[in-house]
Structure formats: structure tokens, C-alpha cells
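Here the structure is a predicted model, which means the values were calculated and not measured. As a basis for the values below, the full set of heavy atoms in this structure was taken, side chains included, without hydrogen atoms, waters or symmetry mates. Sequence lines set the chain letters: A, B, ... in the order given, protein chains first and strands last, and positions in each chain run from 1.
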Protein chains: 2
Amino acid sequence: MAEFKPPQNNLLHIEVINAIINAIVSGELKPGDHIVEQHIAQQMQISRAPVREAIRELAAQDIIRLIPRKGAFVAPLDPKNIEGIYLLRSYLEGLAARLAVLRLTEADLNELYLLNYQMGEAALKNNVNTFIDLDLRFHDFICQHCAHPQLKKMIDGVQLQTKLFMNMSKWHLAAHSELHREMNAHQPLLEALRARNQDEAEMRMREHIIMAGNLLLEYLVNKKSITNREQNGDHVGV
Amino acid sequence: MAEFKPPQNNLLHIEVINAIINAIVSGELKPGDHIVEQHIAQQMQISRAPVREAIRELAAQDIIRLIPRKGAFVAPLDPKNIEGIYLLRSYLEGLAARLAVLRLTEADLNELYLLNYQMGEAALKNNVNTFIDLDLRFHDFICQHCAHPQLKKMIDGVQLQTKLFMNMSKWHLAAHSELHREMNAHQPLLEALRARNQDEAEMRMREHIIMAGNLLLEYLVNKKSITNREQNGDHVGV
DNA sequence: CCTTTGTTCATTGTCGACAATCTACTTATT
DNA sequence: AATAAGTAGATTGTCGACAATGAACAAAGG
């Protein structure tokens, strides 16, 4: 029997969501930019209704800031905020790890170990995109096994933001030189999971995320001071 | 000069949100009920557009479950879920308390002590509604001072859910006999805040919320077993 | 009797149009 | 020249209508 796949999303607003996210990731839409419903609607040759829904949904995830009767704006990206986001993420994913300890089977653990191994390979090959993708799958895998849909949803939202941060700041371009620092970042967490130690798993997950946040932050501050130097010839001390 | 307040929410969808929440709180809409856009639109004599937006926003907060092309349904209310919600809330508000420690002024602390005192009074008078209202203001006050808008937003969403839980389960009707158990629930937290001890504040906030969750859960399980007994004459053991 | 195929109706998804509001600019007034 | 009032264009908020989908029920065929 031939394969009859169900038609993928015929829901317009979901395609709009993806389109907007892509536009932000690709830098086409920059933080602070005004998102005009009709412009998107015309470009995608659809009406404003699904565009509106997409914007509202992204606003619920804080990707977009909504101001009544003025419009939608791409959320600003400031380091102060990033620190808070990563702190939040560390708490949420820490809790997810704690809950996942109760549910991960041996097969699940093996899968995680495999992902971790592949990350090591990608790091050695300096393959940043593969590394980031594997890292995301690693975290997702744990969060999916926490059996807490609402927590999962929150984490997805925060993760999307961090993904945007990384892309907007073109972090991945500079990550080559940082990969070695992240290479074995999951090891302590994995051991805690295997030992079925909830406290330890939560703690390690938190540490790991805070560390990743600091790495990004460090890069951002660096870049900014370099940019400033370039712009006004001023030397900014470390 | 007379007060000329700006007209309150001109935005229809906000009024719809409140209307739906009220309907759920009052029991008019029960968990699992199908929310039909046109019905609400006709009853409120507006078009479907703002109703749609309201539903989408409530869905983002997990008050409502959305199924594509089938519609919106009031989120089901099961004890298993409640436990998870309170766990989540304990983590989020715990973090908020930790952050608030850094920002609460002496005046703020006095305000919190006042609220706590008033709660004691309300408890002694067995005034449940006042007690619940004060409790909410107490928690809100702390969360507002965590200087983390996104965390605050998440907490608001989860708090709304717990509020709905309490109302849907008619918990407040039975709370009279439980008030004394909650009366001094904030004391340890207050002391930690005054001592500017972040770890302690987070811990005490968590404990307090988990305890409140258990109280509600205990009541729900009790009620359910009573209901079961009434329905089928079966005796459910503890 | 059970399964499959139509049919009808209720509801959601999408659309184009209009009204209300905001911004930027122009004009008038002191 | 500076401030206030007015105007025009763009954008959001709201509306009513239609198309697409899904659910319940009836009819047909085995």
C-alpha cells in the first residue's frame, strides 16, 4: 500500500509563526522592529487574520512585545535580560531533570549517552551547527520525559528565546573557539541521571545551563565592547 | 478637579477574557466544556474576532485547551495535574522570593508584615474570602519585586490556574475549618526575607506553596471519595 | 446486523472592508 | 520662534460573510 501522509499544517497561522521566527533568526527582523500585519499578509498572500493570531501567540512566548493600538515589536535583546532568561531556564530544566530521573528507562539513558558521544564527535570536528542541534535534542529528550506538559511548554518557550538570542548575536559564528569548553558539559548530569539521584540531577542541570548562559553573555559583552571600540575609537577595559 | 479616568479596557478581547474567567470561576463553564466562539460573541453582542483572541490568550496560559478545527475546551481538572502545577509554582515563586530578597526595602518588608498581620486577623474571624485575597496580594507583592517580568508573567499564569482550581473545587467553602493551619504559614518566609537570606527565602516559599497544594489536594481527594461513596455506595479506604 | 456511503448541520478558519486610533506633518496663532 | 490646532496617511481593532472541516445521523449495500 502506498504511503498517504496526512497533509502537513494547513493552518496558516502556524506557517506565519515559522516565517516570523525564521525572519528573526535570519536577521531580517531585528530586535525593536515594528511588525506590521498587513505587510506580512501581503507578502504571504493571505489575509491579516492568521498573521494576527501568529503574532499573538509569539507575544505569549515573549518573542514579540505587544503594545495596544501601536503594534507588535520584536522583543529587545539586552544582556541584563539574557541573564534572567538563563536563570529561569536553569530552574525550569533543573526541575525537568529532577522529574525525568523517575521516568528515564535504561534505553532512554543509552540514547542520552549516544547523543552525548555524538556531541563530543561534533566538537572535535568543530562542527558547530551539528553540536548545537544535538545539544538541543539532548535537552528536549530530558524535558519530554518529565511527564509535565506545562513545564515542557514553558521550557520550549524559554528555549526558543535562547535560540533566538544565539542566532541574533551570531554566537554560532564565534562558537568554534568555545566548543571545547562545552564538550563534556553534560557528563556530570548524565552520571546523576544514571545514579537516579534527583537532587544531583537538578543541580547539575542548573549548573550546566548557567554556565552556557555565562558563555553567551561573555561573548556578547565582548562583542559589544569591540563594536564600541570600532565605532568611537574608545578603548573599553575588561 | 474631578477625576477623569481613562475609559477602562477599550479592548474587547480583554473583557472577553474576564468574562470567560468569571464563567469558569462561577461554575458556569465546567472543565471539559466546549467553548463556542459564536455563542459568546452573540451573548456579548460583539463579533467573533475578539472572542477568538481571548480564547487564544487563555489557551496560552493553559486555562483552555485548543484542538485545531474542533474548538476550545475548558482545561480538565485532575488532582494528578494539580500536584504538578503546585510543584511548578513552588519553583517559580521560590525563585521570585530569592530575587526579591535583593530588592525589598525596609518599607516593603513592613508592608508584607502588615499583610501578614491582617491575614491573621482574617483567619481569627474566619473570613475566608478576605484571607484568600490578602494571601494573593502577599504573593503578588513579592513577585512584583523580583524584577523579572517574564518570571512574573509565568507566575501570574500559574496563579490564575490555582485560583481556578480553588474556585472550581469550591475549596473556599470548606476552607473555614482549615484556616488555622494556614494562619502562620508566611512567618518563616518573612523572617528569611528580613534576614536577607536568599537560600532560606527560596526554601521557605517552596515549602509554603507545597503545603498549600497538599491542603487543596487533600480536600479534593476527600471530596471525591465522599462523592464516590454517595454515588455508588462504595466505601473508599484511606 | 454491521459496515460503508451520503447528507445535514454546527463550528472553525479565512477573508475583505470599515471604523477607531496613532504618528508625523502642516498650518495657524501668539 | 514656540506652541497649539488641524490634517493626512498608516496601522490596528472590529465586523459580517463565506469556505472548509468535523460530527451526528440517515440511507444503502453487503
Side-chain angles (χ1 to χ4, degrees), chain A residues 1 4-21 23-24 28-76, chain B residues 1 4-21 23-24 28-76:
Chain A
M1 180 141 168
F4 288 102
K5 298 178 187 171
Q8 63 276 28
N9 281 324
N10 26 1
L11 293 209
L12 265 343
H13 77 267
I14 291 184
E15 298 201 24
V16 177
I17 288 178
N18 294 330
I20 293 178
I21 289 179
I24 296 177
E28 214 170 325
L29 282 175
K30 294 187 179 67
D33 275 2
H34 187 187
I35 299 179
V36 179
E37 294 173 0
Q38 191 137 61
H39 295 175
I40 295 180
Q42 281 173 352
Q43 288 183 35
M44 298 186 72
Q45 311 205 3
I46 58 179
S47 81
R48 274 175 54 214
V51 177
R52 248 181 114 68
E53 278 186 31
I55 289 176
R56 300 324 234 234
E57 188 152 343
L58 290 174
Q61 292 189 318
D62 279 317
I63 303 296
I64 281 177
R65 187 165 300 180
L66 221 48
I67 301 177
R69 295 208 157 82
K70 292 191 67 178
F73 301 84
V74 180
Chain B
M1 181 143 169
F4 289 101
K5 297 178 187 170
Q8 63 275 37
N9 287 319
N10 278 3
L11 298 208
L12 263 346
H13 77 267
I14 292 185
E15 298 202 23
V16 178
I17 287 177
N18 294 329
I20 292 179
I21 289 179
I24 295 178
E28 217 169 322
L29 282 175
K30 294 188 178 70
D33 275 3
H34 187 185
I35 299 179
V36 178
E37 293 172 1
Q38 192 140 66
H39 295 175
I40 295 180
Q42 281 174 351
Q43 286 183 36
M44 298 186 72
Q45 309 204 2
I46 58 180
S47 82
R48 274 175 55 213
V51 177
R52 248 181 114 70
E53 279 186 30
I55 289 176
R56 300 325 234 234
E57 187 152 343
L58 290 175
Q61 292 189 320
D62 278 319
I63 304 295
I64 280 176
R65 186 163 302 179
L66 221 49
I67 302 177
R69 295 209 157 82
K70 291 191 67 177
F73 302 83
V74 180

Separation of atom NZ in A:Lys70 from atom P in C:dA20, rounded to whole Å
21 Å
Roughly how many Å is it from CD in B:Gln45 to C1' in D:dT14, rounded to a whole number?
15 Å
A:His39 NE2 to A:His34 NE2 distance, which is reported to the nearest 0.5 Å:
8.5 Å
Name the residue closer to the 5' end of DNA chain C, choosing between A:Pro68 and A:Ala49 according to the nucleotide with the nearest heavy atom.
A:Ala49
Interatomic distance, CD@A:Gln42 vs CZ@A:Arg48, rounded to 0.5 Å, equals 10.5 Å
Between atom CD1 in A:Ile67 and atom P in C:dT21, what is the gap in whole Å?
18 Å
Below 4.0 angstrom from OP1 or OP2 of D:dG13, is there any side-chain N or O of A:Arg56?
yes
Protein-nucleotide distance (B:Arg69, atom CZ; C:dT11, atom P), rounded to Å:
17 Å
Would you classify A:Leu66 as touching base, sugar-phosphate or nothing, given that sugar-phosphate means primed atoms plus P, OP1 and OP2, and contacts are heavy atoms under 4.0 Å?
nothing
Would you say A:His34 places a side-chain N or O within less than 4.0 Å of OP1 or OP2 belonging to D:dA10?
no
Taking atom P of D:dC15 as reference, at what distance in whole Å does atom CD1 of B:Ile46 sit?
6 Å
Is any side-chain nitrogen or oxygen of B:Asn10 closer than 4.0 Å to OP1 or OP2 of C:dT21?
yes
Rounded to whole Å, CZ of A:Phe73 lies from P of D:dT12 at a distance of 8 Å
Interatomic spacing from CD1 in A:Ile14 to CD in A:Glu57 - rounded to 0.5 Å:
7.5 Å
C:dT21, D:dT14, C:dT12: which one has an atom nearest the side-chain heavy atoms of B:Arg48?
C:dT12
Is the distance from OP1 or OP2 of D:dT14 to the nearest side-chain N or O of B:Ser47 less than 4.0 Å?
no
Rounded to the nearest Å, what distance is computed from the CD atom of residue A:Glu37 to the C1' atom of nucleotide C:dA17?
15 Å
Taking A:Ala49's backbone N and O only, do any of them form a donor-acceptor pair with A:His13's side chain (distance below 3.5 Å, no angle check)?
no
On a heavy-atom basis, the closest approach of A:Pro76 and A:Pro31 is CA-CB, 3.9 Å
Does D:dT12 have its OP1 or OP2 closer than 4.0 Å to a side-chain nitrogen or oxygen of A:Arg52?
no
A:His13 atom NE2 is separated from C:dT12 atom C1', nearest whole Å, by 12 Å
